[in-house]
K.L.:
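The structure follows.
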Protein chains: 2
Amino acid sequence: MAKVEFNIACTLCDHLKDSLFNGLNPEDLSRINNHKTCIQYKKGQNIFYEGTRPTGLYCMNGGKVKVYKNNVQGKEFIIYIAKPGDFLGYRALLSEEFYQATATVLEDAKICFIPKESFFEVLQKNPAFMRRVVQAVCHEMGIMEEKLAELAHKSVRERLAANLLMLKETYGMEGEGSTLIELALSREDLASIVGTATETVIRLLSEFKSDGLIAFEGKKIRVLDARKLAKQADLIIA
Amino acid sequence: MAKVEFNIACTLCDHLKDSLFNGLNPEDLSRINNHKTCIQYKKGQNIFYEGTRPTGLYCMNGGKVKVYKNNVQGKEFIIYIAKPGDFLGYRALLSEEFYQATATVLEDAKICFIPKESFFEVLQKNPAFMRRVVQAVCHEMGIMEEKLAELAHKSVRERLAANLLMLKETYGMEGEGSTLIELALSREDLASIVGTATETVIRLLSEFKSDGLIAFEGKKIRVLDARKLAKQADLIIA
DNA sequence: CGGAAAATATGACTTTTATCATATCCCCTG
DNA sequence: CAGGGGATATGATAAAAGTCATATTTTCCG
């Protein structure tokens with residue numbers, strides 16, 4: 001499959017405001033802009049592979065990408081799902097290690113690649129930017145600590161409910177009535193997020209549907225009763 | 001319980017070589033040194049609490065400290081165990097959030113406190129140091145990703161075996177014959193590391209002992225057959 | 001459009017692990 | 001040294017979740 005390039009100036013990018021590049025001075029932003037390569041990917045294509053060495057940073061301009069690890073039996077665990085504005089593959093780049101996870105396109109994506117050298121140059125000469133990166137990385141780490149504790153002590157039902165709420169928050173439409181999860185996840189992918197078997201997810205989703213907590217709209221899920229779902233997630237006591 | 005202060009110059013600290021402060025220029029190190037407060041803690045004392053705001057960085061000079069989260073039912077999950085040379089509480093400090101975990105002394109500890117301002121000052125004026133901090137944080141994040149996948153897809157038996165091996169590597173004595181885990185963990189704490197019930201840990205440890213994989217020496221555990229343990233952890237196929 | 005393949009769904013069964021109960025051991029302190 | 005409290009140990013049982021088998025539905029592609 002041929003790689004399809006596209007181009008858009010960083011200054012004109014719709015997602016600059018959501019990105020860590022927001023607030024960068026014009027000079028630094030243009031350095032990033034002048035060295036980037038933007039590529040369109042189709043669903044199913046891989047961005048990078050576990051075990052390979054990072055050569056730069058990916059910056060999401062459109063679509064969704066899952067970042068996951070495979071275990072020995074080939075079961076996936078999805079670490080996170082990148083959306084427009086997100087950086088991709090920065091962890092291994094910044095720790096100067098090999099990728100520990102694989103990134104695959106979930107929904108047709110537009111992604112800009114910034115070579116390591118250009119990114120590090122801006123990072124080096126711009127302490128405020130570096131500081132923001134550190135802050136973002138440490139925030140992300142806090143989320144992972146949360147996930148660890150959740151995985152260790154919560155039931156699958158609780159985790160599924162919690163993840164549905166999280167997905168609603170993160171990938172819901174803009175504005176108020178954002179109850180539709182704007183992400184066409186297969187049951188298998190959802191299982192890989194929750195850390196369970198596909199059949200278990202299917203069963204629990206049916207239950208949640210019967211209980212009027214969620215509804216299916218095509219491949220997407222709508223959260224009908226966030227409050228009851230939060231109760232299922234054991235986030236609310238009453 | 002009165003706080004007992006002690007003092008040791010950073011330049012003379014035995015653990016400087018293991019610390020991120022290693023390689024700091026004399027001026028910056030002395031800035032850290034001049035602003036730090038060093039305190040001795042007894043087993044069971046708390047260093048910081050979940051939900052409070054960080055006011056500085058803790059640097060371990062001696063002893064062991066567990067950092068953990070409590071779930072609704074009061075069950076602990078231990079995120080990591082800090083040893084001499086480690087920073088403590090840096091995540092929340094750098095992300096400018098509240099602590100998301102509590103830190104409690106496992107073995108009598110000597111810990112130096114560096115006020116936020118002094119730490120940030122050195123961080124700000126020393127990009128190379130900042131770079132090393134980013135690298136360390138991102139490395140740590142990789143370990144957490146690993147743990148997440150492990151928790152999602154491995155059995156308790158596998159996780160216990162894997163954690164025993166990890167503890168041996170991390171807290172074993174220096175040098176070759178380092179098979180003793182130099183950390184007097186209760187069964188309950190071990191369960192909080194593995195993410196399971198105390199009884200389950202007790203049962204599995206008995207099995208491992210019967211099978212000649214480990215031995216108990218007082219409160220400590222000796223790894224007798226790391227290879228077989230790795231097989232139990234599903235780290236080796238054969 | 002039709003057929004194959006993939007995804008979703010459901011049932012039956014097994015395994016793993018948590019929970020509760022109780023017993024025993026060990027260490028600390030008066 | 002006795003006794004008490006906490007930690008460790010073990011058994012019985014129940015609940016949760018995985019696995020395997022098999023439908024059924026949907027999607028994809030020639």
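In what follows, chains carry the letters A, B, and so on, assigned in the order in which the sequence lines appear, proteins first and then strands, with residues in each chain numbered from 1.
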K.L.:
Any sub-3.5 Å donor-acceptor pair from A:His15's side-chain atoms to A:Asn61's backbone N or O?
P.N.:
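Indeed, once roles are kept as given, a pair shorter than 3.5 Å links the two residues.
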
K.L.:
Would you please name every residue forming a salt bridge (Lys or Arg N to Asp or Glu O under 4.0 Å) with A:Glu146, sequence neighbours left out?
P.N.:
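Here the qualifying residues are B:Lys69.
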
K.L.:
Have a look at the helix from C:dC1-D:dG30 to C:dG30-D:dC1 and give the angle its two end axes make, five pairs each, rounded to 10 degrees.
P.N.:
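Computed angle between terminal axes is 50°.
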
K.L.:
Anything under 30° is parallel, anything over 60° is perpendicular, the rest tilted; go ahead and classify A:His153 against B:Phe77.
P.N.:
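Geometry flag for B:Phe77 against A:His153: perpendicular rings.
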
K.L.:
Nearest 0.5 Å please: distance from the CG atom of A:Leu190 over to the CD1 atom of A:Ile221.
P.N.:
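The distance works out to 5.5 Å.
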
K.L.:
Walking along DNA chain C from 5' to 3', note the first and the last nucleotide with an atom under 4.0 Å from a heavy atom of chain A, and give both.
P.N.:
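Terminal contacting nucleotides, 5' to 3': C:dA7 to C:dA12.
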
K.L.:
Walk me through it: do B:Phe113 and B:Tyr58 pass the test ring pair (Phe, Tyr, Trp, His ring centres under 6.0 Å)?
P.N.:
CA-CA 5 Å; B:Phe113 175 81; B:Tyr58 297 89; 5.1 Å; yes

K.L.:
Would A:Arg222 and A:Thr179 count as a side chain to side chain donor-acceptor pair (under 3.5 Å) here? Give the steps.
P.N.:
CA-CA 6 Å; A:Arg222 184 179 292 281; A:Thr179 60; 2.7 Å; yes

K.L.:
If the condition is salt bridge (Lys or Arg N to Asp or Glu O under 4.0 Å), which residues does A:Glu199 pass it with, not counting sequence neighbours?
P.N.:
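None.
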
K.L.:
Is any side-chain N of the basic residue among B:Lys66 and B:Asp189 closer than 4.0 Å to the acidic one's carboxylate O?
P.N.:
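Salt bridge between B:Lys66 and B:Asp189, a charged N being under 4.0 Å from a carboxylate O: yes.
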
K.L.:
Just to verify, what does A:Glu140 make a salt bridge (Lys or Arg N to Asp or Glu O under 4.0 Å) with, not counting sequence neighbours?
P.N.:
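Applying salt bridge (Lys or Arg N to Asp or Glu O under 4.0 Å) to A:Glu140 gives none.
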
K.L.:
Between protein and nucleotides 7-15 of chain D, map the contacts as a letter string: B base, S sugar-phosphate only, - none, heavy atoms under 4.0 Å, written 5' to 3'.
P.N.:
SSBBBB---

K.L.:
Do B:Lys43 and B:Asp108 sit within salt-bridge range, that is, some charged N less than 4.0 Å from a carboxylate O?
P.N.:
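No, this pair does not count.
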
